[in-house]
Amino acid sequence: MFRRKPLRINSYLSYGTPSHFRALGRALEFRNVEFINDLNQWRTLINIYKQFESDEIRNTELLLKLSNGLKFSTKTDKEGYYVFDRDIEKLHELADNQGWVKYVASFDDDSSPIIKNNIFEGEMIIPSSKANYGIISDIDDTILHTGVASFMKWRLIRNTFFRNFDKRMPLEGTSQFYKKLQLGTLKEPLNPFFYISNSPWNLYDYLTAFLKRHYFPKGPILLRDFRNPFERKPKVKLPHKEREIINLLRIYPDLKFVLIGDSGEKDADIYTKIAKQFPDRILAIYVRSVNHAKRFQRIQSIVDNFKTTPMLQVKTSEEAEEHARNIGLIL
């Protein structure tokens, strides 16, 4: 069936193992959204609106192709998402020196106009066996000031919808600290990064552009499906962040992790719950204060009474960096 607008596939960075391939993304109509520098507030608002008012391509066949020629088919769901999970041997032989396995996603039916010649690159990381540990970091108010703790979340709305990614700055020192964590005690940046946020997948391109601009370590960005108030789909039992972290712990049973979040939401509660459930897997927990007196006191009470894992509430990245160096996480 001919469509007036051309199609595209948004392939999200994913993660897997030497014997398990996992690819995910979304098939959409192309809305001519570009996250480029120097956009004014009006253009930024239009861009974000287009991201949320996305026209998904439902129940359509896609083809996935690895660099060794292996091909697979998958199908998008009713919201245009695809998730492909399959055991495949010797995937590590296809990875680059940072552990990234590249693949190409394409529409099986090319009767409609498709941008990029129907070639959409995706990547999946396989953590190195030499890695000291993995890092799981929140985004909102952990590395990017959003104002999630502001009254009626008005700062969150202003920052997200009216400020282009290049107009927003990371919290001071976060990029440098993350690069040191990526190195750990190694001479190569082999410690894998995973970013987790309660933001919807609609903001994936915006957040990716921000992380690239400020040279944060490359890693999967794990967002959540945007639920509308009329949706009948049953809610999941565990909060998004908790579910994603536990999944990572189970997929990589030999890898320990550092958890980084903020005091604006429930990061401290989720992280300590996970550390109790996996007491030998969490090396440290860092919670950035969002300059809210009552929240600071609540989180500090959790920190003072938590003995399972080294845990610190910090106001600056330098505090976290000093602590990480003292416990042997970085040089």
Side-chain angles (χ1 to χ4, degrees), residues 1-16 21-36 43-67 69-86 88 100-125 160-161 165 195 197-209 212 220-236 240 243-244:
M1 181 179 66
F2 179 78
R3 293 175 180 270
R4 185 173 299 174
K5 295 176 182 176
L7 310 184
R8 71 182 180 102
I9 299 173
N10 201 359
S11 295
Y12 307 136
L13 294 180
S14 186
Y15 57 88
F21 178 58
R22 186 170 187 265
L24 69 156
R26 197 177 189 190
L28 300 161
E29 286 189 350
F30 180 59
R31 300 294 304 276
N32 195 28
V33 176
E34 285 188 290
F35 286 100
I36 57 177
R43 286 284 304 281
T44 299
L45 177 61
I46 291 174
N47 264 357
I48 298 298
Y49 170 77
K50 287 181 177 179
Q51 292 292 98
F52 277 91
E53 206 275 318
S54 55
D55 294 314
E56 63 274 2
I57 310 303
R58 307 176 180 181
N59 305 314
T60 191
E61 294 287 339
L62 302 180
L63 297 177
L64 307 178
K65 182 179 179 180
L66 290 167
S67 60
L70 282 177
K71 295 181 180 179
F72 309 94
S73 63
T74 187
K75 195 172 186 178
T76 61
D77 64 16
K78 65 180 181 179
E79 294 180 342
Y81 293 102
Y82 71 89
V83 178
F84 182 84
D85 279 284
R86 180 170 297 185
I88 303 172
W100 290 98
V101 175
K102 293 179 171 58
Y103 70 92
V104 170
S106 304
F107 288 97
D108 189 27
D109 180 3
D110 59 0
S111 59
S112 298
I114 303 171
I115 67 169
K116 294 187 176 181
N117 296 318
N118 198 19
I119 297 174
F120 302 89
E121 296 182 350
E123 293 182 85
M124 179 199 82
I125 192 171
T160 302
F161 289 90
F165 74 93
Y195 300 95
S197 170
N198 280 327
S199 295
W201 284 109
N202 307 68
L203 292 176
Y204 182 86
D205 291 337
Y206 182 97
L207 294 173
T208 297
K212 284 183 178 179
I221 304 174
L222 308 174
L223 306 178
R224 64 182 180 89
D225 188 14
F226 185 74
R227 295 177 63 93
N228 65 63
F230 306 104
E231 195 168 341
R232 295 182 178 181
K233 184 168 58 177
K235 291 184 178 181
V236 293
H240 166 67
R243 186 175 69 254
E244 293 288 358

Contact check, side chains of [X] and [Y], non-hydrogen atoms, under 4.5 Å:
X: K5; Y: R31; answer: yes
X: I125; Y: L13; answer: no
X: V101; Y: L66; answer: yes
X: I115; Y: P6; answer: yes
X: F72; Y: Y103; answer: no
X: D225; Y: Y81; answer: yes
X: I221; Y: S197; answer: no
X: S67; Y: K102; answer: no

Within this structure, what is the [atom1]-[atom2] distance for the pair [X] and [Y], rounded to the nearest 0.5 Å?
X: S112; Y: E29; atom1: OG; atom2: CD; answer: 9.0 Å
X: S106; Y: E61; atom1: OG; atom2: CD; answer: 13.0 Å
X: I9; Y: I114; atom1: CD1; atom2: CD1; answer: 7.5 Å

side-chain contact (heavy atoms from CB on, under 4.5 Å) between R8 and K116, worked out: CA-CA 8 Å; R8 71 182 180 102; K116 294 187 176 181; over 6 Å; no

From T76, D109, D108, I57, residue fulfilling side chain to side chain contact (heavy atoms under 4.5 Å, CB included) relative to L62: T76

Chi angles and distances behind the side-chain contact (heavy atoms from CB on, under 4.5 Å) call for R224, N198: CA-CA 6 Å; R224 64 182 180 89; N198 280 327; 3.8 Å; yes

R86 NZ/CZ over F21 ring centroid, <6.0 Å and within 45° of normal: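 So R86 doesn't make the cation-pi contact.
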
Test side-chain contact (heavy atoms from CB on, under 4.5 Å) applied to L7 and F30, step by step: CA-CA 5 Å; L7 310 184; F30 180 59; over 6 Å; no

Sidechain-backbone polar pair: H240 side chain, L222 backbone, donor-acceptor under 3.5 Å: yes

By side chain to side chain donor-acceptor pair (under 3.5 Å) - contacts of S11 (at least two apart): Y82

Results of side chain to side chain donor-acceptor pair (under 3.5 Å) for Y15 - residues two or more places apart only: N247

Worked verdict on L64 versus V104 for side-chain contact (heavy atoms from CB on, under 4.5 Å): CA-CA 6 Å; L64 307 178; V104 170; over 6 Å; no

Salt bridge present between E79 and R58 (N-O < 4.0 angstrom): no

Per-pair distances, 0.1 Å, donor-acceptor, side chain in residues 117-124, under 3.5 Å, sequence neighbours excluded:
| residue | atom | partner | partner atom | Å |
| --- | --- | --- | --- | --- |
| N118 | OD1 | F107 | N | 2.8 |
| N118 | ND2 | F107 | O | 3.0 |
| E123 | OE1 | K218 | NZ | 2.9 |
| E123 | OE2 | K218 | NZ | 2.9 |

Shortest non-hydrogen contact from K75 toward N59: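 Nearest pair, atom of K75 first, then N59: CE-O, 3.4 Å.
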
